[in-house]
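Working notes for the structure below.
If you're wondering where the values come from, they're calculated on a predicted model, not measured in any experiment. So that the names make sense, note that chain A is the first sequence line, chain B the second, and so on, each numbered from 1.
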Amino acid sequence: MPFIPHTDAEVEAMLAVIGAPNIDALFDEIPVELGSGKLVSVPDALNEMEITRLMHERAEQDSRQLNFIGAGAYEHHIPAAVWQIATRGEFYSAYTPYQAEASQGTLQLIYEYQTMMASLTGMDVSNASLYDGGSALAEAVLMAVRAHKNATRILMPRTVSPLYRAVVRNIVKNQHIELMELDYDPVSGTTPVPEIAVGDFAALVIPQPNFFGALEDVDALTDWAHAHGALAIGLVNPTALGLLKPPGVWGERGADMAAGDGQPLGAPLSNGGPYYGFLTCKQALVRQMPGRIVGRTLDLDGKPGFALTLQAREQHIRRSKATSNICTNQGLVVTASTIYMSLLGPTGLRRVASAAHANILQLAEQLCAIRGVTRAFRSPCFHEMVIQLNRPASAVLGELAAAGILGGYDLCADYPELGNAMLVCATETKTAADLGRYAEQLNLCMQEGSDADI
Amino acid sequence: MPFIPHTDAEVEAMLAVIGAPNIDALFDEIPVELGSGKLVSVPDALNEMEITRLMHERAEQDSRQLNFIGAGAYEHHIPAAVWQIATRGEFYSAYTPYQAEASQGTLQLIYEYQTMMASLTGMDVSNASLYDGGSALAEAVLMAVRAHKNATRILMPRTVSPLYRAVVRNIVKNQHIELMELDYDPVSGTTPVPEIAVGDFAALVIPQPNFFGALEDVDALTDWAHAHGALAIGLVNPTALGLLKPPGVWGERGADMAAGDGQPLGAPLSNGGPYYGFLTCKQALVRQMPGRIVGRTLDLDGKPGFALTLQAREQHIRRSKATSNICTNQGLVVTASTIYMSLLGPTGLRRVASAAHANILQLAEQLCAIRGVTRAFRSPCFHEMVIQLNRPASAVLGELAAAGILGGYDLCADYPELGNAMLVCATETKTAADLGRYAEQLNLCMQEGSDADI
Amino acid sequence: MLIFEHSVPERMAYAQMPAEALEADDLPVHLLRRDKPLLPEASEMDVVRHYTRLSQKNFSIDTHFYPLGSCTMKYNPRACNSLAMLPGFLNRHPFAPVQTGQGYLASMYELQEILCDVTGMAGVSLAPMAGAQGEFAGVAMIRAYHDARGDHARREIIIPTAAHGTNPATAVMCGYSVREIPTDATGNVDLAALQAAVGPQTAGLMLTNPSTLGVFEQQIQRIQKIVHDAGGLLYYDGANLNAILGRVKPGDMGFDVIHINLHKTFSTPHGGGGPGAGPVGVSTRLLPYLPIPLVAYCDGNYRLLTEADRPHSIGRLSANNGNAGVLLRAYIYARMLGAEGMHRVAEFATLNANYLLAKLRQAGFDIAFPTRRASHEFIVTLKHLKDETGVTAMDFAKRLLDYGYHAPTTYFPMLVPECLLIEPTETESMATLDGFVAAMTAILAEARSNPELVKGAPYTQPVRRLDDVKAARELDLVWRHK
Amino acid sequence: MLIFEHSVPERMAYAQMPAEALEADDLPVHLLRRDKPLLPEASEMDVVRHYTRLSQKNFSIDTHFYPLGSCTMKYNPRACNSLAMLPGFLNRHPFAPVQTGQGYLASMYELQEILCDVTGMAGVSLAPMAGAQGEFAGVAMIRAYHDARGDHARREIIIPTAAHGTNPATAVMCGYSVREIPTDATGNVDLAALQAAVGPQTAGLMLTNPSTLGVFEQQIQRIQKIVHDAGGLLYYDGANLNAILGRVKPGDMGFDVIHINLHKTFSTPHGGGGPGAGPVGVSTRLLPYLPIPLVAYCDGNYRLLTEADRPHSIGRLSANNGNAGVLLRAYIYARMLGAEGMHRVAEFATLNANYLLAKLRQAGFDIAFPTRRASHEFIVTLKHLKDETGVTAMDFAKRLLDYGYHAPTTYFPMLVPECLLIEPTETESMATLDGFVAAMTAILAEARSNPELVKGAPYTQPVRRLDDVKAARELDLVWRHK
Ligand SMILES: Cc1ncc(COP(=O)(O)O)c(C=O)c1O
Ligand SMILES: Cc1ncc(COP(=O)(O)O)c(C=O)c1O
């Protein structure tokens with residue numbers, strides 16, 4: 001049987017030691033009325049050769065196109081070293097590092113990750129990861145409510161990804177937390193400082209860049225939150241932090257927490273996962289932090305080493321009083337990400353960010369030169385922008401896809417007020433030729449389409 | 001600069017220690033008249049992102065087709081574990097294990113490889129690899145001449161791959177070694193026992209299976225060689241040895257050496273390389289063996305360990321008197337191959353061999369049912385066979401290729417006497433559907449072609 | 001040495017640098033970063049060498065026997081890794097049109113079907129990203145079910161004291177309070193206590209079966225009846241599914257919802273902490289509430305169902321499609337096992353556990369539930385040894401590392417003192433188990449003859465015993481330049 | 001433990017087994033195998049675990065500084081590995097029609113061009129599978145050249161005593177006898193001896209430059225003239241090309257033929273012993289003789305040239321296309337370096353070597369050629385230390401392993417007693433070099449204060465010092481069941 005090493009002779013010997021006549025006897029405590037458990041729709045086994053062929057065929061079906069979709073998952077170059085090292089058996093097939101002395105590889109790596117992520121976001125402390133950006137934001141919201149003690153309302157701008165807002169809602173809704181949406185300025189596409197005089201808000205979420213790719217006035221928003229007794233939660237794209245001011249220094253006192261999706265730092269698009277959520281905060285909030293945290297300590301000989309710490313926050317110790325139910329996190333992706341950040345360093349990350357930014361500017365120029373295409377918002381953007389079309393976005397996207405181009409993310413369902421709008425992304429992976437090809441093809445669609453519309 | 005870690009400050013500090021004003025000064029012993037060495041046709045650097053895209057595009061150009069070509073390089077399933085482990089940095093980026101204590105991984109693996117390869121071929125000793133099958137055969141020939149002492153003629157059947165014969169010729173020709181070709185029986189496609197009464201032959205090469213895929217009467221040939229004072233060199237496909245009698249027990253006394261290409265044991269087709277040549281022999285010949293050999297020994301504490309041994313045969317000690325000039329061999333492919341053999345084990349290898357054999361039988365039946373297609377030879381075959389067509393093989397192969405099928409290896413240039421003949425291979429990778437697809441397509445070609453020919 | 005200690009200002013891994021772009025002078029200066037983040041400034045080789053060496057400091061399945069109870073550390077087939085990482089899968093954007101993802105979606109659809117069969121449930125959602133999120137989805141569905149019926153009085157989830165910590169933590173995240181019930185001396189749920197606990201306030205019961213004590217709950221049918229009769233639903237923590245795979249189905253036990261840890265039973269790698277995948281399966285009555293996305297097949301095409309298709313869904317729990325790459329690995333594994341192979345998993349996992357139990361008992365170890373069959377795992381208690389020698393379960397665990405074995409789970413479940421929860425899994429051979437027994441036996445002798453030796457362990461690891469108290473007291477969570 | 005010791009009769013890695021085919025009853029029984037070959041009978045996990053752990057017993061570039069002189073152990077970019085192993089490249093049969101291999105062939109064609117530029121030669125063949133086979137091809141071409149001119153008297157190849165062993169061994173394989181000439185005190189060829197050696201019997205000279213002594217041959221032009229004037233040709237052993245890459249071209253030195261070790265200068269991995277690639281470059285007069293296959297570009301297509309196209313070729317040296325996968329890695333590396341990066345290789349390799357030399361000299365080590373610049377490598381001789389303390393170069397080398405550094409090349413070149421040939425390469429940082437100097441300095445002190453300590457080294461490796469004599473005397477080359 002696949003992956004079972006036993007020979008018949010060994011099975012006999014083992015049963016003799018146990019004193020059981022056969023393997024079935026080992027299940028004699030299971031009430032027979034529960035049935036045989038016979039599998040009826042699991043197909044017969046494929047050997048590795050057969051499954052290899054099948055999966056190659058399927059992967060080839062999933063064709064590679066020129067991708068301009070972002071919307072929370074970004075195509076970046078991932079150095080070859082990243083996954084070659086992350087998938088080494090010692091990282092790949094280890095469990096959560098409960099036995100610290102036999103897990104120094106993973107533990108030291110997480111400590112290094114925490115350092116990088118805290119510094120990147122301008123915070124003091126990072127945990128070892130959460131599931132993804134959306135669930136990290138949900139945990140940040142729960143954390144804010146715990147920290148604030150007096151308030152359970154959260155201000156949530158509509159410029160936060162609608163997918164993230166849905167996730168947060170689904171996760172926190174049973175705990176009587178109210179999410180109050182804030183509308184955006186239709187000209188700038190950013191969130192104005194709220195005009196709510198006072199209120200019992202636990203926190204304000206501040207996305208940077210926001211879902212439209214636009215840059216929020218994070219200083220003003222942070223200061224407003226603090227002035228109103230609320231915590232400020234920065235929701236950030238970590239690549240952008242190569243270029244943009246980190247949450248820790250927003251406004252007068254800096255945001256209190258930062259969360260986001262670590263995918264841009266070394267995780268492939270991979271149909272949407274596995275990615276990972278990061279969460280960092282100021283020192284004062286560390287005991288409210290959900291998830292694993294690694295600390296540096298000393299061994300019996302006084303030599304430095306690493307171990308999971310502050311476990312009293314966690315479910316396996318605190319059970320119903322834990323800061324979260326999270327147990328397994330996204331360790332391997334964090335491993336990859338740590339290697340990614342190490343390979344890029346501050347200069348590489350800044351260059352990736354600026355190259356992406358330069359690309360979207362160039363793309364914006366080319367696309368907006370096309371008749372029927374306009375830019376939706378005036379504010380500066382990072383590497384995504386919203387364009388509005390004089391034809392249905394879904395039709396245009398379909399035509400582009402037929403030509404091998406994934407043109408963007410259709411905004412109509414989430415932001416009907418924007419009309420035929422779509423969110424377009426260009427990362428550092430796009431060459432001038434790629435941008436040109438997109439513009440040319442969109443130009444064709446818009447012309448033919450408007451002809452067709454007549 | 002790519003892969004150079006130095007910062008400007010470090011360069012300054014290092015030059016100061018050296019006492020040189022700049023890097024150029026370090027080259028002051030090179031006569032200036034030799035020119036600047038400026039590169040004129042090396043293109044500008046691509047970063048990893050750019051080269052990744054380029055190579056992906058090129059690899060996609062090299063399309064995957066349904067392959068029935070063998071002729072010395074065979075498509076087999078390679079377990080995923082094989083190259084994932086072989087490319088671990090510790091194997092991949094180590095040098096030849098000169099410092100034994102710091103190279104026990106590689107050394108033990110080679111010792112295990114030697115054991116497997118010696119057993120597979122039925123010999124006592126194996127070296128650690130040669131370049132490929134062709135050059136291994138050349139080394140076997142040289143070894144036979146050294147061992148024999150009195151003769152420099154080698155009997156070389158025409159059923160040995162023409163490519164191997166060319167390689168052997170090119171490598172041994174400057175050492176006054178004569179290669180005498182033996183013709184094959186046109187009915188069986190195998191080598192009859194030579195009808196040469198006596199002669200000064202150093203060795204007879206015995207291919208099993210031979211280039212036509214047919215099985216030679218190895219016992220008779222081996223005994224004939226020994227009866228005539230010549231050594232017997234088995235040239236074998238290692239996969240076939242899962243099923244076929246190993247050279248070490250051919251005839252009364254067994255062949256003296258076995259050589260071949262290790263590619264079928266875990267090396268991808270990869271445009272022809274890297275593969276590796278294996279060479280095994282009886283104990284008596286060990287000191288004539290070219291290439292590296294690993295031995296087991298003890299350390300200072302009496303613990304077993306592994307080290308390169310019998311180095312007095314090798315060029316770095318013996319220089320002009322060495323058994324060969326080989327230095328670097330094909331270590332990493334041997335690493336992969338050792339893992340491959342371990343994963344398959346005796347049962348797996350036998351099953352691979354029988355599955356391939358069963359496939360060629362089935363294919364033979366289907367192809368020979370097509371009008372204008374006949375089997376060239378009557379003898380049993382392993383996993384390759386020669387078919388003859390009533391149309392030019394090159395045209396048929398071209399038409400098959402256009403339909404996505406690589407139909408075989410055209411024999412016309414090397415064996416014009418066979419007419420429109422080609423060598424067809426089916427390994428365990430082929431499903432019944434694959435065989436059917438080939439037969440159907442060939443049927444089409446033969447019909448349309450003969451129409452076209454009219 | 002930390003990666004930061006390899007860092008030198010201005011050093012770069014040049015091949016990873018895109019060309020310097022024009023300055024982003026269109027961006028407002030006050031929004032730009034002024035400091036340089038503390039990322040390493042290292043060469044590519046520095047980084048490769050650092051992390052390659054770091055990896056060697058781990059125990060892992062690929063290097064060691066790892067009998068960590070409750071974690072099902074079995075062989076992670078290498079093919080699952082390489083096939084799930086084929087470029088066609090890796091490069092696809094989650095929001096790319098479904099036509100470009102039929103290969104991936106077909107695999108997900110078939111995985112849903114396979115998991116339905118395995119669990120005996122009516123429907124499965126692959127969305128949850130780990131066991132705990134699967135629990136969350138499950139309990140949220142229980143709540144949605146009661147809420148939909150206007151049954152708002154059910155504010156309590158019943159959980160046995162032996163349960164994994166995620167169970168009570170999850171119940172609380174879903175807005176429930178937790179009522180714990182005890183386990184009886186043989187490791188079964190205390191039925192009387194359960195009977196006393198249920199009532200109109202009962203939203204449901206969360207049960208792990210086989211339990212974290214390593215035994216199959218023999219009264220499972222009565223438990224089911226008690227809870228259902230009280231109007232509650234039954235949640236099955238499927239983390240221990242490896243023990244019953246292909247032997248008995250939770251659906252056949254009458255459960256309403258189950259989560260499965262694919263990173264256990266379906267052998268996706270644990271990656272030093274994750275990612276996992278925690279699909280949930282449900283009985284018919286909970287079908288409408290399954291979290292999205294779900295994969296549907298219609299008109300010859302696979303597609304993802306969303307809120308629009310599933311108005312009663314508890315919604316999405318991830319911004320994208322959950323841990324797609326993990327799910328692919330599980331699918332590949334399932335296909336390689338096939339029905340027959342899957343039946344064998346529980347059989348041989350159970351054989352290994354019972355063999356190890358028998359051998360350790362022979363070697364003089366105290367088994368926590370000596371009258372019971374082990375499921376795929378079992379508990380040794382070192383209480384007597386500690387009383388006798390002062391050697392604790394933790395000391396014992398650390399000493400095992402010196403013998404080249406990862407330690408079993410220690411101090412969980414909490415109700416057995418000085419416990420070692422041992423799970424060998426089906427992929428380990430008899431020889432490995434015998435080696436482990438020999439090590440355990442040797443340590444037992446050491447504990448008696450030289451307890452200080454055991455208490456000082458480990459001696460052969462990159463570090464000696466670490467000071468956890470100091471770690472928590474003098475928090476050092478990020479590195480700073482000296 | 002050997003893999004065979006994990007073996008149990010009838011155990012199998014089932015996922016790797018094709019279904020049992022029908023018995024091959026059409027095959028004559030006397031041709032069938034009767035015994036079971038001694039291959040391991042192990043589970044997939046056994047195998048993965050065994051070889052993963054085995055790998056950890058190696059030093060390698062990915063884990064250690066590896067200053068092995070003459071071997072150019074520099075960083076092997078990981079991208080070269082993953083890109084050369086893309087399925088499109090891996091799955092192509094060498095005899096597939098050229099239309100299906102244009103991506104691969106384009107890369108090979110461009111690599112030929114790049115290597116022509118780098119060597120300053122008129123043509124390059126990628127066929128040879130390692131340096132020694134490149135040498136063979138080169139000397140065979142020299143012979144073909146003389147033979148073609150009917151110049152059959154030239155039966156001798158001149159080789160400096162410092163040369164690598166492959167040089168004389170190759171000459172003999174090509175049917176030549178070898179005349180050795182000495183090196184002078186400064187490390188240059190002894191010109192008088194060369195002058196005396198050449199004559200009508202001279203087929204050619206094989207020279208390594210920079211030499212294996214780590215110095216650039218200053219009289220290269222005069223050597224060239226002496227040999228050419230005598231009617232011989234000049235062979236350039238390019239194993240040390242890393243020292244001059246982009247600084248000076250062998251073609252500009254007047255050489256007729258060169259081989260290049262791509263597994264050194266072009267950073268293809270050494271793989272614990274290979275595979276390498278040893279392309280040969282030639283001047284115009286040797287062009288017709290280049291080994292096949294060569295890649296040509298015509299009418300918009302790349303194709304392989306064979307005997308038919310190249311009737312004077314020395315022919316093929318491999319049954320297929322040489323080490324194609326290694327060549328792909330070299331091509332990728334070359335493209336990542338680009339012209340500018342290639343110029344920098346020699347500069348920084350030389351900077352590192354001279355820095356290390358200066359530091360070691362300061363630390364009290366004897367430099368073999370103290371008046372010379374180091375090229376990319378240099379020699380330390382421990383003759384005095386040995387006389388003083390009994391500690392040999394080998395002892396010193398073994399002790400370095402304990403400090404976490406791979407040893408330099410020892411006892412090569414043979415003419416310097418107790419030598420260490422040290423080659424840091426350009427990819428190592430100043431900090432690494434400083435660490436190495438500190439270790440060397442510490443061992444020097446140990447050798448003086450406690451020579452036995454050094455002679456007993458290593459202490460930290462999987463084994464202590466191994467008995468080479470026993471290995472050669474009591475041959476144990478294959479494992480046998482006890
Ligand atoms: C019994 C049990 N339930 C739940 C979980 C939680 O699963 P996860 O870690 O995937 O969130 C675990 C895993 O440790 C477990 O053992
Ligand atoms: C100077 C010199 N020449 C030739 C060779 C032979 O090269 P290869 O080992 O690739 O055959 C080497 C390699 O060790 C060398 O250092």
Side-chain angles (χ1 to χ4, degrees), chain B residues 1 5 10 14 23 26 34-35 37 39 41-42 44-45 55 58-59 61-62 88-90 92-96 101-102 104-106 115 119-120 131 134 163 170 174 268 270-274 295-297 299-300 305 309 315-316 319-320 322 325 328-332 342 346 354-355 358 428, chain D residues 18 21 36-38 40 47 54-55 57-62 83 86 88 90 93-94 103 117 129-130 132 165 168-170 174-175 178 247-248 252 269-276 315 319-321 323-325 338-339 341 344 347 350 355 358 429-430 461-464 470-471 476 478-479:
Chain B
M1 287 305 115
E10 287 174 333
M14 293 170 82
I23 292 183
L26 303 176
L34 294 180
L39 299 170
S41 63
V42 177
D44 282 346
M55 297 315 286
R58 289 199 171 165
Q61 244 179 295
D62 294 5
R88 283 172 57 85
E90 300 95 321
Y92 187 76
S93 74
Y95 204 78
T96 299
E101 296 83 0
Q104 288 295 298
T106 290
T115 303
S119 172
L120 197 59
Y131 302 128
L163 297 154
N170 298 333
N174 290 323
S270 190
N271 288 298
R296 182 153 68 161
T297 182
D299 76 357
L300 271 182
T309 193
Q315 45 71 31
H316 64 288
R319 303 179 71 81
S320 62
N325 71 340
T328 291
N329 56 33
Q330 305 282 115
L332 195 68
S342 301
S354 352
E428 88 285 4
Chain D
K36 192 153 93 170
L38 182 53
V47 175
L54 218 49
S55 77
K57 295 189 180 177
N58 272 359
F59 275 37
S60 67
I61 274 292
D62 278 11
L83 297 177
L86 288 171
L90 284 194
H93 194 286
D117 192 8
M129 291 178 283
T170 298
C174 290
V178 171
R247 290 299 303 194
V248 55
D252 293 343
H270 207 276
N320 306 302
N321 303 331
N323 280 339
R344 296 293 161 264
E347 292 182 3
T350 304
Y355 174 72
S429 69
M430 181 172 159
Q461 300 303 308
V463 290
R464 297 279 312 277
K470 181 181 162 67
D476 176 353
V478 300
W479 185 81

Option that, when pairs with chain B are counted at under 4.5 Å, heavy atom only, ranks first among [options]:
options	value
D:Ala339, D:Ala358, D:Ala130	D:Ala339
D:His270, D:Lys470, D:Lys57, D:Glu347	D:His270
D:Pro275, D:Gly338, D:Ala471	D:Pro275

Between [options], which residue shows the highest count of heavy-atom pairs closer than 4.5 Å to chain D?
options	value
B:Glu10, B:Met55, B:Gln61, B:Met1	B:Met55
B:Ser93, B:Gly272, B:Ser119	B:Ser93
B:Gly295, B:Pro346, B:Gly89	B:Pro346
B:Arg88, B:Glu428, B:His316	B:Arg88
B:Pro268, B:Gly35, B:Gly134	B:Pro268
B:Asp299, B:Leu300, B:Asp44	B:Asp299

Quick one: [atom1] on [X] to [atom2] on [Y], what's the gap to the nearest 0.5 Å?
X	Y	atom1	atom2	result
B:Asn271	D:Asn321	CG	CG	7.0 Å
B:Ser41	D:Asp117	OG	CG	3.5 Å
D:Asp476	B:Arg296	CG	CZ	5.0 Å
D:Leu83	B:Arg58	CG	CZ	12.0 Å
B:Leu120	D:Leu38	CG	CG	10.0 Å

Can you give me the closest heavy-atom contact between [X] and [Y], atom names plus distance?
X	Y	answer
D:Arg464	B:Glu101	O-CG, 3.5 Å
D:Pro40	B:Ser342	CG-OG, 3.5 Å
B:Ala355	D:Pro18	CB-CB, 4.3 Å
D:Gly276	B:Gln330	N-OE1, 4.5 Å
D:Asn323	B:Pro274	OD1-CA, 3.2 Å
B:Gln315	D:Ala169	CB-CB, 3.7 Å

Q.
Under 4.5 Å from any heavy atom of chain D, what part of B:Thr309 do you find: side chain, backbone, both or neither?
A.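 Side chain of B:Thr309 only, per the 4.5 Å heavy-atom cut-off to chain D.
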Q.
Is B:Ile23 close to chain D through its backbone or its side chain, or both, or neither, when contacts mean heavy atoms under 4.5 Å?
A. side chain
Q) Run the side chain to side chain contact (heavy atoms under 4.5 Å, CB included) check on D:Met430 and B:Met14 step by step: do they pass? A) CA-CA 8 Å; D:Met430 181 172 159; B:Met14 293 170 82; 3.6 Å; yes
Q: Report yes or no: does B:Thr115 contribute a side-chain atom to a donor-acceptor pair with the main-chain N or O of D:Trp479 at less than 3.5 Å?
A: yes
**Q.** Under 3.5 Å donor-acceptor, D:Asn320 side chain and B:Gly273 backbone
**A.**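 No.
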(Q) I'd like to check the salt bridge (Lys or Arg N to Asp or Glu O under 4.0 Å) partners of D:Asp62; sequence neighbours left out, ordered by chain and number. (A) D:Arg78
Q: Under 4.5 Å heavy-atom distance to chain B, tell me which part of D:Val178 shows up: side chain, backbone, both or neither.
A: side chain
